[in-house]
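Before I ask anything, here is the structure I am working with.
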Amino acid sequence: MLGSELSLLFKRRRTKVLMALLFLAPWLMGFVIFQFGGGRGGNGPSFVDLVTHNAVFLVLASVSSLMPLLLPLAVSLVAADSIAGEASLGTLRYLLVAPVSRMRILVGKLLVSLSFVVLICLGVAASALVAGMVFFPTGRVVLLSGQTTSFLHGIALAFVATVLIAMSLVSVAGIGLAISTFTDIPVGATLGTLGIIIFSEILSNISQVRGIWPMLPTNYWLSYADIFRFPIRLGAIGKDFVSQAVWLAFAFTLASARFISKDVTS
Amino acid sequence: MNLGSSNSLAIETEDLTKAFGGRNVVDSLSLHVPAGSIYGFLGPNGSGKTTTIRMILGLVFPDRGTVTLLAAKDPKERRARLSRVGMLVEGPAFYPYLSGYDNLKRFSQIALPAQRHLDHSLSKVSKSAIESALERVGLLEAAGKKYRAYSLGMKQRLSIAAALLWPRELLVLDEPTNGLDPQGIVEVRELMTTLQKQGMTIFVSSHILSEVEIICSNIAVMREGKLLFEGSTQSFRGSLGERFELETADVGLAESILSGLGLVEPGSLVIGHDRITAKLTTEDIARVVAALVKGGVGVRAVGKTSHSLEEAFVNMTGRSSSAR
Amino acid sequence: MKMLNVKAHSKLLFAGPITIASSAIVISLVMPQIARASTSTLTPVSPQQLVSWIQADRPISLTGTVTGATSFPLPMPSVLKSSNPASVLSGSTSETFNVWSNGAGSLRAQQVTSAGETDLYMNPGSVWYWDSNTFTATNEASSGASKIGEAGFSNPGSTAVQIVDKLSAYATLSVSGSVMVAGRPAYTLSLVPNAQDSLIGSVKIAVDGLTHIPVRIQVFPKNSSTPAASFGFDTLTFAPQPDSIFSFTPPPGANVVERGSASGTASGGGGSLKTKVIGTGFDSVWVQALSAKQRSAMGGIVKSLTTISTPLGAGYLYTTPIFQAIVLSNGTVVAGPVDTTRLLQVVGEL
């Protein structure tokens, strides 16, 4: 089931284009920084400024600049399409009468979205590491705290950070799946999911609603940066894990409650 | 209308009811589809045929009533039976970015692992099985073409091919002739007959009687969610009888006179632009004409008609006095 | 009739997500309240005992989070964050640091931003200030004295010592029960100013019940029960801290800035400008002439203040619940925890 779902996803031209764009982004970024410098003192995330010092930081600069919009967009496109897309094509009814049980479809679709999340995050990171090694030095890695560590340890930290970013996107996959069960229009589901994420990012910048910040799915999205501090701070990362797990549990139970009792009329 | 014990029924519904937006789309429907029959499920568009089919297949949950499919009543068992049911529901639906062959492959990949634990008689669908299904509907040459490049007729054929991927006991075909040219319609009809001869039960819905009438052994007619008729094609023809036909410019006046004097059977009145047909309660046409003339109706012509099956179908499902 | 189950139970199916959502909301809203509500009683002590504990200021190996907050805009660049002064002026101010101390004179303070950080590495004989945003390491090796003051900002202990040393003579001391600070029971030493014309109602210093180190300082305006300024630990763990946390050498490629001992202050460069203090204790007034550099730095902030006419011409008035300041057109600042009338009186006497 998972194999068939994955091949369905990757046979789509849209998926291929999306992944190509994501994997090209670090090269573009690396080239621009290589040509024009890090632009130190700008408003960009600090990793961008550090890129010229070490290849490893291109990994973090890439994922951190794709994090607020493009990665959630890619995940929403896939996750929100999962049920709504099948419904709009009408293939959902044929899957159900094949017969495939509704829970099986839901779990299969969730696993595909989660695999996609891991795949694009690792893909962007790997692409960025290669681009970084082409453009920038590969010596000891300076941590945010000013201390240094070996290049290999730096790569290991970047890998952990990438996994943490993938973990942060789990809520997007879950929310996308849930919304996907409420509509037969995939574009609507994608926009709805992206809307929730952007809304959450906006709320997390309004200090008057500080009280609800811990409930926002995006609240701990920058916690992966704590891997690059010394000592490593696990507090926010742990909270992100709990937050993502709760959002996933909520979204998945909502999706199954809706999908199991849904009249499929598409 | 008892067609025997439920063991010999491929599909049985009892008191099946479903409302959408407060309106009963399917209203207390009881169907009996004999095993081995070609069962024509007829009614105009919007009469509730598709919703009924969706309830039979477990896509839509009924508000009331039960469905028995291949002797299984419990929803879980019923779902397991679906692997022995081939179907076409409300037109074909495939992934436009996959070829016809890949679509069938995906369908068999996803369907079979899910079914295997339900039904151990199923084995993996081979490449040759996919190809022979494509050949059977004349799509083998277009197998590598992307689905989005298919014509409507080809799409329709591909869904029939999907239904033939592995042996089935029952075929549920919702408007299978939609979008097909006359030649294609004939082919689909021949295919249905062949499959029935091989022992399959075929449940076929249509809003055009003539397309399926010839091959159906049984017929059910629906209108506005209600079952108007269910029985053998023969008894359907027999139930028609002779009808009185009146041609006049004053259809409204004529209608009120005929109904008012109790000259016509309630519900049998069908009103056209300048024409009324009905079943009379009396044999005495002269008396009816006299009453009309006395009432001031300009009678242009009267007669008795014996209807074709098609006309009967239109009469049964079309505009009638009771629907006003 | 099993067939109807799904439909009949469809409302019940939604119990799952509803339960998860509501418990998540309740837990995230109620948990902090529960943590705050817990109290503990400590054996009573005298104010003098608390004062002596505070003055002992024994360095202890610890790590924790410290928050300094004011209810009013603070026109000062914060210690570790080189923030834009204009933005600091908009609303209340709150800065949080992570701190480590090894109990042997080494201290580290870290302020974390979303994808960067600033650090203060203080070891006996060397002080490094690190900013990952500018990739700059600043060495204060020979001007440790001025940095000790800055370090105080990241350590409630040193600030508490200074308050007790300098102000306890001008206040009535009392112990006002036990409170919870950083989840630990703590004594509270309350200093109520003797001076009647001070804006400050009281200063409260919380002292950890177990280790007896100062853990929080709060400044209350007169007739108010909400602190206008507070500075204390949010979390606190007593544990040995490895040396690696405190060690710092400028990384390769960093901009290294050496600051000489000549410039007495961090923002200096304008020579020695004397501060005159008029009065003592809680109603003293400071008179400070700003250097040209300081004046240009303050220019933007000053323009956002309300104007006031003084005996020395037009000036700008900056008011907070616990202190006020007047910036004169000649660049002199007159400030203190007193009302405007007293400040104007001082200006008249200049």
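Keep in mind that the numbers below use all heavy atoms, side chains included, and drop hydrogens, waters and symmetry copies. Residue numbers start from 1 in every chain, and the chains themselves are labelled A, B, ... in the order their sequence lines are given, proteins ahead of strands.
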Open item on the list: Any non-hydrogen side-chain atom of C/Ile245 less than 4.5 Å from a side-chain atom of A/Pro231?
Closed with: yes
Task: Contact class of C/Ser23 relative to chain A, heavy atoms under 4.5 angstrom - done: neither
Task: chain C contact via A/Val142 - which portion, at a heavy-atom distance below 4.5 Å - done: side chain
Task: Largest heavy-atom contact set with chain A, pairs under 4.5 Å, which of C/Ile25, C/Ile18, C/Thr19 - done: C/Ile25
Task: Separation between OG of C/Ser28 and NZ of A/Lys239, rounded to the nearest 0.5 Å - done: 11.5 Å
TODO: Find the distance between CZ (A/Arg233) and CD (C/Gln110) and round it off to the nearest 0.5 Å.
DONE: 5.5 Å
- [ ] Over all heavy atoms of both residues, which pair between C/Ile20 and A/Phe250 is shortest? Give the atoms and the distance, please.
- [x] CG2-CB, 3.8 Å
- [ ] Could you tell me which of A/Pro214, A/Gly146, A/Ser145 has the largest number of non-hydrogen atom pairs under 4.5 Å with chain C?
- [x] A/Ser145
Task: Nearest-0.5 Å distance, CG of residue C/Asn98 to CZ of residue A/Arg229 - done: 8.5 Å
TODO: Determine the interplanar angle of the C/Phe135 and A/His53 rings, folded into 0 to 90°, and report it as parallel if under 30°, tilted if 30 to 60°, perpendicular if over 60°.
DONE: parallel
Open item on the list: Do C/Ser247 and A/Phe230 make a side-chain contact, defined as non-hydrogen atoms from C-beta onward lying under 4.5 Å apart?
Closed with: no
Task: For chain A, the option from C/Gly16, C/Pro252, C/Pro251 that forms the most heavy-atom pairs under 4.5 Å - done: C/Pro251
Task: Residues in residues 147-176 of chain A near chain C [non-hydrogen atoms, under 4.5 Å] - done: A/Gln147, A/Thr148
Task: Nearest-0.5 Å distance, CD1 of residue A/Ile260 to CG of residue C/Leu13 - done: 5.5 Å
Task: Toward chain A, the part of C/Trp128 with a non-hydrogen atom under 4.5 Å - done: neither
